[in-house]
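Below, chains carry the letters A, B, ... as their sequence lines are ordered, and counting in each starts from 1.
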Number of protein chains: 2
Amino acid sequence: MLTFGIRYRIRLLEGESLDRKVQGIALEQSVELPDNVISDEIRETIVGKADDATLLDDGRYELVIRYPLANAAPEIVQFLNVLFGNVSLTKGVEVVDVEWDHLESLFLGPAFGIEGVRTLLGIPTRPLSCTALKPMGFRSDELAELAYQFALGGIDLIKDDHGLADQRYAPFEERVLTITNAVERANQETGRKSVYLPNITSGIQDLMYRMDFAVENGCGGVLLAPNLSGLEAMHVLAHEVGGIPIMAHPAFSGSFVTSADQGFSPAFLYGGMYRALGADCSIYPNAGGRFSFSLQECREINESCRNVHQPFKATFPTPGGGVKWEDIPKWAALYGNDTVFLMGGSLYQHPNGIRAAAEAVRTSLESVI
Amino acid sequence: MLTFGIRYRIRLLEGESLDRKVQGIALEQSVELPDNVISDEIRETIVGKADDATLLDDGRYELVIRYPLANAAPEIVQFLNVLFGNVSLTKGVEVVDVEWDHLESLFLGPAFGIEGVRTLLGIPTRPLSCTALKPMGFRSDELAELAYQFALGGIDLIKDDHGLADQRYAPFEERVLTITNAVERANQETGRKSVYLPNITSGIQDLMYRMDFAVENGCGGVLLAPNLSGLEAMHVLAHEVGGIPIMAHPAFSGSFVTSADQGFSPAFLYGGMYRALGADCSIYPNAGGRFSFSLQECREINESCRNVHQPFKATFPTPGGGVKWEDIPKWAALYGNDTVFLMGGSLYQHPNGIRAAAEAVRTSLESVI
């Protein structure tokens with residue numbers, strides 16, 4: 001019987017025993033019935049089976065429960081239900097990893113990955129830069145002027161702020177056409193290649209259309225917040241539509257990762273999960289920025305985006321916030337060259353304007369060996 | 001300028017000041033830029049505006065921030081981003097309410113509501129009963145036999161376990177046809193009306209089809225886990241497809257509600273939010289069951305499902321777990337008659353079988369005045 005493993009870290013609450021809590025998860029995430037009312041056959045073929053647990057330094061237990069692949073197949077949404085459906089309502093249960101190599105029938109990973117994105121941009125080894133067009137409230141032509149300046153200065157990936165949707169001040173189609181044009185104009189002036197990634201985060205009736213529109217109009221990629229549009233939707237976009245890379249944004253995902261004991265580890269969500277679901281770049285809040293991940297957590301996300309244990313192309317970790325352009329070499333030494341550095345507010349605050357800010361970023365990037 | 005309010009409860013972490021934290025939220029959830037780089041016009045027309053805060057007994061602060069409706073319009077997914085996009089990554093921020101009456105251009109609420117469901121079933125005043133077909137691993141004919149017995153005994157709403165998707169042991173279409181048939185057969189024998197609600201939770205390429213299939217084949221409603229299929233997708237199903245009621249299941253939603261200080265209050269998610277998004281019935285883990293909501297939290301969910309402050313039809317609160325059939329009158333007195341009692345495992349454990357269990361439930365329900 002084909003199975004796949006989910007690795008949990010479990011904290012016992014007052015009055016709980018490890019065996020009962022683990023058995024409870026294995027039942028809840030499969031048959032959802034007490035053990036005494038299921039048949040031997042169902043117990044053997046459907047219920048999850050737990051390995052031995054290890055006691056961790058923080059008092060939690062770590063263990064793998066293996067579930068029959070047939071419980072999840074053939075659907076990603078049902079996999080997510082087995083992964084963290086009802087057990088999401090339980091305190092003290094964190095998912096930290098999945099055995100992806102048994103799930104290749106469900107997940108294809110990134111369509112481009114780090115190497116594919118580098119090839120599209122023609123940048124073989126150095127880290128990449130990324131910025132966001134904002135604020136919400138600007139007209140399309142105002143955003144396009146920003147994009148033009150960023151591209152003249154040499155930012156590699158110029159994305160929409162994830163709050164730009166289809167508001168009347170900058171409607172989706174008009175915005176995409178105007179900004180694509182502006183970036184192309186800058187590229188012709190500089191001889192370099194910056195690309196524009198519009199935000200396509202939207203509902204089930206618009207999502208495929210917006211992806212198609214971005215592909216057909218020559219965008220270099222798209223921005224998508226999978227926890228808003230649907231995690232499975234990202235995989236559909238990557239592999240049923242495809243054509244250009246997807247940069248994943250963590251909006252609406254925070255509750256899964258902000259509790260120390262519950263939900264997903266940041267490395268699992270932004271590395272393992274987003275990667276399996278097809279993110280070519282995965283944005284996460286960097287240490288030292290205005291959100292709260294530690295340096296250690298960020299390095300674990302990077303590792304999970306790129307490690308060779310996962311049977312997929314590697315995802316570009318894309319730390320956002322907390323990076324100043326003059327510190328890029330330092331961060332590249334910490335995080336490795338296969339990193340996209342997303343800089344937003346700090347560029348808008350540059351005393352000499354955003355083209356100068358972008359040039360400072362490019363100079364700093366090009367100094368990375 | 002049209003605005004809508006979001007009500008937050010905020011805990012200050014070490015070193016934080018209330019003013020800066022509130023201002024940070026208002027900026028983050030709109031322009032995503034520091035205040036010193038935005039124009040007066042953008043500040044006036046785009047950035048959220050905070051009301052005065054109230055200090056709560058638990059040391060948190062409660063306050064409303066109002067955002068321009070244009071920031072969210074015309075899309076539910078972008079509303080969710082304004083509601084809890086980046087701020088989801090911040091500790092100590094809980095959303096407890098929304099001013100829905102300003103959002104009627106975006107949200108339509110339940111298509112049927114409590115009165116509509118009662119009319120479909122022909123049950124004007126008493127509480128309703130619901131059970132789940134399981135375990136995963138049963139064939140369609142085995143599940144249909146269970147449904148037949150439940151219907152003979154008189155369970156009102158017979159739903160799939162939310163883990164039944166399109167697995168090979170009980171494929172979706174075969175399962176729907178077989179079980180619909182079995183419930184209809186029982187109805188003809190009893191002269192009563194039980195209805196079957198298949199689980200349609202699935203990805204963006206299957207969801208509409210499964211809803212259509214359920215409608216066309218005479219199902220009495222559908223089961224959907226909106227946090228798995230996409231919150232906005234529920235609204236599309238309710239109002240773009242429609243035809244039969246939607247019962248919402250909380251799978252995969254737990255991380256939003258299990259932290260005391262972060263995410264959504266249970267009443268907001270399972271009452272306010274699911275109701276705005278079109279849930280006719282909203283399942284939540286009942287007090288005393290195997291999950292962890294308090295009686296007070298459950299009563300707040302009920303209130304939020306039914307209160308007349310929200311400009312939508314009322315949603316049937318559907319507590320699951322922790323209810324024994326002999327205690328239904330007690331629970332009905334606590335929760336009110338406009339409640340669906342979801343009983344699963346306890347019915348499967350009845351010594352005289354599930355038809356007898358269902359009859360006990362019906363007798364107990366009919367004793368409620």
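Heavy atoms closer than 4.5 Å to chain A are found in both the backbone and the side chain of B:L89. For B:I42, the part lying under 4.5 angstrom from a heavy atom of chain A is the side chain only. Contacts of B:E75 with chain A are made by side-chain atoms alone, with heavy-atom separations under 4.5 Å and no backbone atom involved. With a threshold of 4.5 angstrom between heavy atoms, A:D206 approaches chain B through side-chain atoms but not through N, CA, C or O. Of the atoms belonging to B:A233, heavy atoms from both backbone and side chain fall under 4.5 Å from chain A. When heavy atoms are compared at a cutoff of 4.5 Å, A:T45 does not approach chain B at all. In this structure, the portions of A:P250 lying under 4.5 Å from any heavy atom of chain B include both its backbone and its side chain.
Most heavy-atom pairs under 4.5 Å with chain A, from the set B:G254, B:P285, B:S255, B:S253: that is B:S255. Ranked by heavy-atom pairs shorter than 4.5 Å toward chain A, the options B:L33, B:N199, B:L13, B:D261 are led by B:L33. Your options are B:L231, B:I204, B:N36, and the one with the most heavy-atom pairs under 4.5 Å with chain A is B:I204. Ranked by heavy-atom pairs shorter than 4.5 Å toward chain B, the options A:G263, A:G85, A:A72, A:S39 are led by A:G85. Interface summary for chain B: among A:I76, A:I38, A:V77, A:V87, the most heavy-atom pairs under 4.5 angstrom belong to A:V77. Your options are A:N71, A:V47, A:V31, and the one with the most heavy-atom pairs under 4.5 Å with chain B is A:N71. Heavy-atom pairs under 4.5 Å with chain A peak, among B:E232, B:Q78, B:Q167, B:H162, at B:H162. For chain A, the option among B:N81, B:L80, B:V37 with the highest count of heavy-atom pairs below 4.5 Å is B:N81. Contacts with chain A were tallied for B:Q205, B:E240, B:R168, B:H249; B:Q205 has the most, counting heavy-atom pairs under 4.5 Å. Between chain B and the options A:A70, A:A73, A:G230, A:A225, the largest number of non-hydrogen pairs under 4.5 Å is found for A:A70.
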Could you go step by step and tell me if A:T90 and A:I25 meet the side chain to side chain contact (heavy atoms under 4.5 Å, CB included) rule?
CA-CA 9 Å; A:T90 307; A:I25 296 169; 5.9 Å; no
One pair to check against side chain to side chain contact (heavy atoms under 4.5 Å, CB included): B:Q29 and B:Y67. What are the steps and the verdict?
CA-CA 9 Å; B:Q29 295 307 102; B:Y67 299 89; 3.7 Å; yes
Just do the side chain to side chain contact (heavy atoms under 4.5 Å, CB included) check on B:D160 and B:L143 with the steps written out, would you?
CA-CA 9 Å; B:D160 280 342; B:L143 296 166; 5.6 Å; no
Take B:I46 and A:F138, measure what side chain to side chain contact (heavy atoms under 4.5 Å, CB included) needs, and give me the verdict at the end.
CA-CA 10 Å; B:I46 306 291; A:F138 265 28; over 6 Å; no
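Other residues, nucleotides and ligands contribute only 12 or fewer heavy atoms inside 6.0 Å of the NZ atom of B:K91. Within 6.0 Å of NZ on A:K324 lie no more than 12 heavy atoms contributed by other residues, nucleotides or ligands.
A donor and an acceptor atom, one from each side chain of B:Y209 and B:E173, are located under 3.5 Å apart.
For the pair A:R175 and A:D166, the salt-bridge criterion is not met [side-chain N within less than 4.0 Å of a carboxylate O]. Checked for salt-bridge contact, B:R43 and B:D35 meet the test: a charged N lies under 4.0 Å from a carboxylate O. For B:K134 and A:E28, the salt-bridge test fails: no basic side-chain N is under 4.0 Å from an acidic carboxylate O.
Among the residues in residues 345-352 of chain A, those with a non-hydrogen atom closer than 4.5 angstrom to a non-hydrogen atom of chain B are A:G345, A:Y348, A:Q349.
Distance check: B:F293 CZ to B:Y270 OH gives 4.5 Å after rounding to the nearest 0.5 Å.
Note: B:F84 and B:F256 have tilted aromatic rings, judged against thresholds of 30 and 60 degrees for the angle between ring planes. Between A:H239 and A:H235, the ring planes are tilted. Angles from 30° to 60° get that label.
A side-chain donor-acceptor contact under 3.5 Å links B:T131 to the backbone of B:M343.
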